[in-house]
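Below is one structure, written out as structure tokens; comments come after it.
This chain uses plain numbering: 1 for the first residue, then up along the sequence.
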Amino acid sequence: MSPILVVQHEGDCPPAWFGTWMTEAGAVLDVRRPYAGEDLPADLTGHSGMVVLGGSMNALDESATPWLAPVKALVREAVGARVPMLGICLGHQIATDALGGQVVRNRAGTQRGLLIIGWNNAVAGDPVFGTRPLAAAHWNSDIAHVPPDGATVLARAESGEIQVLRFGETAWGIQSHPEVDERVLQAWAEQEWAEVGTDNQAEVDDFLTRVVDEWDSLVAWWQPVAAAFAALCLAAPAQP
């Protein structure tokens with residue numbers, strides 16, 4: 001098959017388990033790391049899908065993160081050409097902004113924990129999320145606040161924040177991090193502690209313990225999602 005373009009924004013935000021599960025389902029990944037100087041493709045020619053990963057940067061600050069503008073152009077191309085596209089956390093926010101929605105700082109503060117996914121009836125029959133995974137790891141301060149025109153909210157957190165959007169027939173964004181395990185989360189915690197101190201260490205330790213304890217369930221919920229997205233890409237012709 002033609003590869004799925006994967007945009008990685010930081011060294012400690014890899015495709016991780018989501019990449020593993022897609023590969024196990026038959027996908028080939030073309031991981032681009034613009035933060036390390038790797039070029040992004042000018043368009044999606046030769047690619048059968050696109051995944052935009054997470055990162056600590058602001059989805060709106062195209063000056064500080066100059067590759068955001070070309071990533072947003074690729075998102076718009078994917079949606080317009082019905083190339084399967086999935087945004088994860090920052091990628092969800094990037095897609096929301098690229099398509100005309102609004103991304104803001106969450107007034108409730110940082111979402112960090114293993115949170116229930118509040119699915120609504122619009123997810124019924126969805127080709128990627130129809131299995132309705134029960135929960136996922138969240139670690140974010142910004143949120144998609146206003147969906148783009150034509151987008152459908154598939155899930156909200158108990159406190160009201162958008163968790164999952166369907167942007168088009170074959171395009172989605174999720175605020176959670178289904179790709180990460182406790183090792184990736186520990187690296188994020190250590191980076192945060194180095195920058196702002198360890199006042200939240202007990203909270204983070206409890207979060208990591210819950211991820212370890214629930215790992216088998218997390219795999220059972222999210223591996224089918226990764227496989228379903230890979231299947232869409234396998235079935236989609238590469239952009240000519």
Decide side-chain contact (heavy atoms from CB on, under 4.5 Å) for Val52 and Leu86; before the verdict, give the C-alpha distance in whole Å, the side-chain angles of both, and the deciding distance to 0.1 Å.
-> CA-CA 6 Å; Val52 186; Leu86 176 66; over 6 Å; no
Atom of [X], atom of [Y] and distance for their closest heavy-atom approach:
X: Met22; Y: Ala226; answer: CG-O, 3.6 Å
X: Cys13; Y: Gly55; answer: SG-CA, 3.8 Å
X: Asn140; Y: Asp142; answer: ND2-O, 3.0 Å

A side-chain contact here means heavy atoms from C-beta on lying under 4.5 Å apart; do [X] and [Y] qualify?
X: Met57; Y: Ile94; answer: no
X: Ser141; Y: Asn106; answer: no
X: Ser176; Y: Gln163; answer: no
X: Pro34; Y: Asp39; answer: no
X: Cys89; Y: Trp139; answer: no
X: Leu232; Y: Leu234; answer: no
X: Val219; Y: Asp216; answer: no
X: Val104; Y: Gln102; answer: yes

Taking [X] first and then [Y], would you say they form a salt bridge - that is, a charged N and a carboxylate O separated by under 4.0 Å?
X: Glu161; Y: Arg156; answer: no
X: Glu192; Y: Arg112; answer: yes
X: Glu38; Y: Arg32; answer: no
X: Arg33; Y: Glu10; answer: no

Please check if atom CG in Asp149 has more than 12 non-hydrogen atoms from other residues, nucleotides or ligands closer than 6.0 Å.
-> no
Residues which pass side chain to side chain contact (heavy atoms under 4.5 Å, CB included) with Ala135, listed by chain and number, not counting sequence neighbours = Ile116, Trp221
Check the pair Thr23 / Leu29 against side-chain contact (heavy atoms from CB on, under 4.5 Å), numbers first and verdict last.
-> CA-CA 7 Å; Thr23 301; Leu29 306 185; 3.8 Å; yes
Do [X] and [Y] sit in one hydrophobic cluster, given that two such residues count as connected whenever their side-chain heavy atoms are within less than 4.5 Å of each other, even indirectly?
X: Leu53; Y: Leu60; value: no
X: Ile143; Y: Trp172; value: no
X: Ile88; Y: Leu134; value: yes
X: Val103; Y: Leu74; value: no
X: Phe18; Y: Leu115; value: no

From the list Ile4, Leu5, Val7, side chain to side chain contact (heavy atoms under 4.5 Å, CB included) with Asp30 holds only for Leu5
Keeping to residues at least two apart or across chains, list the ring-ring contact (aromatic ring centres under 6.0 Å, His included) pairs with something in residues 84-122.
-> Trp119-Phe129
Working for side-chain contact (heavy atoms from CB on, under 4.5 Å), residues Met50 and Val71 = CA-CA 10 Å; Met50 180 179 182; Val71 170; 4.2 Å; yes
What do you reckon, are the aromatic ring centroids of His177 and Trp188 less than 6.0 Å apart?
-> yes
Report yes if the distance between the aromatic ring centroids of Trp17 and Trp215 is under 6.0 Å, otherwise no.
-> yes
Taking it one step at a time, do Glu24 and Gln223 satisfy side-chain hydrogen bond (donor to acceptor under 3.5 Å, both in side chains)?
-> CA-CA 10 Å; Glu24 290 175 349; Gln223 187 171 13; 3.2 Å; yes
Take Glu77 and Val83 through the test side-chain contact (heavy atoms from CB on, under 4.5 Å) and record every step on the way to the result.
-> CA-CA 8 Å; Glu77 179 186 351; Val83 176; over 6 Å; no
Determine, step by step, whether Asp199 and Trp193 satisfy the side-chain hydrogen bond (donor to acceptor under 3.5 Å, both in side chains) criterion, reporting the C-alpha distance in whole Å, the side-chain angles of both residues, the deciding distance to 0.1 Å, and the verdict.
-> CA-CA 8 Å; Asp199 289 347; Trp193 294 338; over 6 Å; no
